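Encoded as structure tokens, the structure appears first; notes follow it.
Just so we're on the same page: letters track the sequence lines, and every chain starts at 1. Predicted model only: the values in this text are computed from it and were never measured.
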Amino acid sequence: MIELYNSLTSQKETFVPLKEGEVKIYACGPTVYNYFHIGNARPFIFFDVVRRYLKYAGYQVTFIQNFTDVDDKIIKKAAEEGKEPAQIAEQYIQEYFIDADALGIERADSYPRVSENMDAIISLIQTLMDKGLAYEKDGNVYYRVREFDDYGKLSKRDIEELEAGARIEISEEKEDPLDFALWKKKKDGEIYWDSPFGQGRPGWHIECSAMAQKYLGDQIDIHGGGADLIFPHHENEIAQSEGATGKQFAKYWMHNGYININNEKMSKSLGNFFTVRDIAKEFDLEAVRFFVLNAHYRSPINFSRELVESASSSLQRIYNAKNHLDYLLSQGLQADASEETSEEVLKQLQQYQAQFCAAMDNDFNTADAIAAIFELVRFINIHIHESSTRGDVLGAKTMLDELTDVLGIACQSKQELLDEDIEKLIAMRQEARKKKDFVLADKIRDELKEKGILLEDTKEGVKWKKN
RNA sequence: GGCGGCAUAGCCAAGUGGUAAGGCAAAGGUCUGCAAAACCUCUACUCCCCGGUUCAAAUCCGGGUGCCGCCUCCA
């Protein structure tokens, strides 16, 4: 039984999908005008894990993430670089995949783009106008916020206080300062689309309502994104979608916390951000993934290079255990060993699996789930060795792979075939060691270390790993 | 001003009523030619402070202090 914290109700709830056995997830994706930063990466990583775990739990999951490819910032960037907005968008969509792949994020079932779904967007705006929830003024279309009774239910905001606080854009056209744009009239020289309300382009919020509906239907199970989207973006999505259909839009809303720099939110406007692309120059991005998952998704976390290094060391511990198991399997264990995992080992392995699942069931507590993996690692280090049966080693390997796969960590195969030269060097060093020529032996070891090959002399033989 | 969050060892971080997970780092030990890895031991009589409820609180309640976020484009 999975429990998750629903931002809509501000409490943990038992997860019950709209349709048994199936889960529909919509996650807000990036506006593609630049490389994405570590803060942006958090929801991508986290919702990837949500999806993986729900699959692991047996659900059939449909996961949709949009690309916002029509936007002020893209238009601005295009103008700066003398390119078409579509070129900019296409470029950064490709860059997105480079970073996302390196972070171990599985591909979504679909990546709808604003530019390719204009019909659905226009049609939804039309529906809202027909229902009296939207109005057109001089080529612009606005949402009539006061006509939607539930406005503010997600962000817990009172409509009157919103107006009082008011750093809201003043516009002569709007009937009410709270109203927000669904369609923006074309400006000179900017890209535009034809519509019944004139030439222009959609406002920011309408795309998610339209695309979620088109790709997943009127109602979805989980809608996710960063906490800074709660207001106004997600609040407005609810107004649009529920205003149009009269049905509850998303059953569960999940929002991740921020990534901070020195306890301050990392954001493009503050300029205190690290792009994932830059971090990739210094670290394997898998360490960033581990770093993100090492804390509960709703807690704010501070980012620093030191913390990624620490994550990298933690990850190495898991790899060491995996490499050890691979080594045992490559060495040919006891001749009479069966392929079956013994009952006592299986029982232990399943206990760690249960611990892992209990953690994940509890609002996707990845930090606790990682602890379960480390406890499994300790068990393996103690109880699985050269005198274990092949069945036990295989069983341990399968379980460790299974759990790490759910989180998408320690999944890279680092054991690649050695060059013949390197094999020769290792053999030479063994010879030297036999002759107790440790000077030569250590020299060879140092040489290999410089090439990124770390040697370990164990009772079981010489093992190596890539640094 | 309104709404919300956070404060646990040197660092990161779980735990939300039953007597402090896990990881990183450091120290000692076992093993090793030496390393590495691994294992063992050691690192919070205590969870920001002060009250209260309770047989029992890091966990609940009240009050402080500090930090942060949203209310505006933002993951």
Side-chain angles (χ1 to χ4, degrees), chain A residues 7 10 12 27-31 36-47 71-73 152 155-158 160-169 204 224-233 235 255-260 262-270 273 290-291 293-296 298-302 304 306-321 323-324 327 355 359 362 365-375 377-378 380-382 385 432-434 436-439 441-442 445-446 449 454-460 462-465:
Chain A
S7 305
S10 303
K12 259 192 224 175
C28 287
T31 299
F36 64 88
H37 62 64
I38 299 287
N40 300 313
R42 191 175 193 185
F44 303 154
I45 294 165
F46 175 66
F47 289 106
D71 174 89
D72 287 346
K73 284 171 292 212
S155 55
K156 279 56 175 191
R157 285 195 162 84
D158 184 276
E160 304 305 330
E161 282 169 0
L162 267 177
E163 191 140 32
R167 270 190 284 174
I168 303 168
E169 189 185 338
W204 175 38
D228 46 359
L229 295 182
I230 294 174
F231 190 90
H233 187 55
E235 195 66 62
H255 294 97
N256 61 274
Y258 302 117
I259 289 189
N260 297 153
N262 295 132
N263 289 317
E264 282 195 333
K265 180 182 169 182
M266 183 187 296
S267 76
K268 286 175 180 164
S269 46
L270 288 173
F273 63 91
F290 185 96
F291 161 74
L293 296 177
N294 196 218
H296 185 87
R298 283 188 283 117
S299 313
I301 47 179
N302 261 311
S304 73
E306 291 70 31
L307 293 171
V308 179
E309 268 167 34
S310 169
S312 188
S313 301
S314 301
L315 216 41
Q316 190 54 242
R317 183 172 160 81
I318 299 173
Y319 274 120
N320 285 338
N323 289 161
H324 180 231
Y327 184 84
Q355 188 186 338
N362 182 19
N365 193 331
T366 52
D368 260 352
I370 286 172
I373 288 176
F374 277 111
E375 288 184 34
V377 164
R378 170 165 281 121
I380 288 169
N381 287 336
I382 294 173
H385 38 68
R433 290 183 70 214
K434 267 187 197 165
K436 305 224 183 278
D437 182 355
F438 296 119
V439 176
D442 289 350
R445 182 168 60 190
D446 289 343
K449 190 178 174 185
L454 299 181
L455 297 186
E456 292 175 13
D457 301 324
T458 73
K459 280 181 184 167
E460 297 157 2
V462 182
K463 293 197 224 168
W464 62 273
K465 63 187 175 193

**Message:** What I'd like to find out is whether the side chain of A:Arg157 reaches to under 4.5 Å of the side chain of A:Phe231, using heavy atoms alone.
**Reply:** yes
**Request:** Answer whether the closest heavy-atom distance between the side chains of A:Lys268 and A:Asn40 falls below 4.5 Å.
**Result:** yes
**Asked** Is the side chain of A:Asn365 donor-acceptor paired with the backbone N or O of A:Asp368 at a distance under 3.5 Å, no angle test?
**Response** yes
**Asked** Hey, does A:Gly29 reach any base, or is it just sugar-phosphate, or nothing, if we go heavy atoms under 4.0 Å?
**Response** nothing
**Asked** NE2 of A:His296 to CG of A:Asn256: how many Å apart, nearest 0.5 Å?
**Response** 10.5 Å
**Rounded distance in Å - CZ (A:Phe231) to C1' (B:G5)** = 18 Å
**Item:** Paired stretches of RNA chain B - 3 or more consecutive Watson-Crick or G-U pairs, each distance under 3.5 Å
**Value:** B:1-7 with B:65-71, B:10-12 with B:22-24, B:27-30 with B:38-41, B:48-52 with B:60-64
**Fill in**
Applying side-chain hydrogen bond (donor to acceptor under 3.5 Å, both in side chains) to A:Asn260 and not counting sequence neighbours gives none
**Complete:** Closest of B:A75, B:G22, B:C73 to the A:Lys73 side chain is B:C73
**Request:** Could I get the full list of ring-ring contact (aromatic ring centres under 6.0 Å, His included) partners for A:Phe46, not counting sequence neighbours?
**Result:** A:Tyr297
**Item:** Residues that A:Asp72 engages under side-chain hydrogen bond (donor to acceptor under 3.5 Å, both in side chains), provided they are two or more places apart
**Value:** A:Arg201
**Prompt:** Checking all strands, does A:Phe438 fall into the base, sugar-phosphate, or nothing category for heavy-atom contacts under 4.0 angstrom?
**Reply:** base
**Request:** Would you mind reading off the distance between A:Asn256 atom CG and B:G4 atom C1', rounded to a whole angstrom?
**Result:** 16 Å
**Message:** As a test of reading the structure: which of B:C31, B:C73, B:A75 is closest to the side chain of A:Pro232, going by heavy atoms?
**Reply:** B:C73
**Asked** How would nucleotides 11-19 of chain B be written as a contact map, 5' to 3', with B for base contact, S for sugar-phosphate-only contact and - for no contact, using protein heavy atoms under 4.0 Å?
**Response** -SSSS----
**Asked** A:Ile301 versus A:Arg42: any side-chain heavy-atom pair under 4.5 Å?
**Response** yes
**Asked** If you measure only the distance, is there a donor-acceptor pair under 3.5 Å linking the side chains of A:Asn263 and A:Asn302?
**Response** yes
**Fill in**
Quick note, A:Ser313 side chain, CB onward, closest among B:C3, B:C24, B:A75 is B:C24
**Message:** If I take atom CD1 in residue A:Ile230 and atom P in nucleotide B:U72, what distance separates them, rounded to the nearest angstrom?
**Reply:** 14 Å
**Item:** Spacing between A:Tyr258 atom OH and B:G69 atom P, to the nearest angstrom
**Value:** 9 Å
**Asked** Can you tell me how far C1' of B:C24 sits from CZ of A:Phe374, to the nearest Å?
**Response** 9 Å
**Message:** Under 4.0 Å between a side-chain nitrogen and a carboxylate oxygen: does that hold for A:Asp442 and A:Arg445?
**Reply:** yes
**Request:** Mind calculating the distance between CE (A:Met266) and P (B:A75) to the nearest angstrom?
**Result:** 12 Å
**Request:** Treat primed atoms plus P, OP1 and OP2 as sugar-phosphate and everything else as base, then score nucleotides 34-42 of chain B 5' to 3': B for base contact with protein heavy atoms under 4.0 Å, S for sugar-phosphate contact only, - for none.
**Result:** BBBSSSS--
**Asked** With under 30° as parallel and over 60° as perpendicular, where do the rings of A:Phe290 and A:Phe374 fit, or are they tilted in between?
**Response** perpendicular
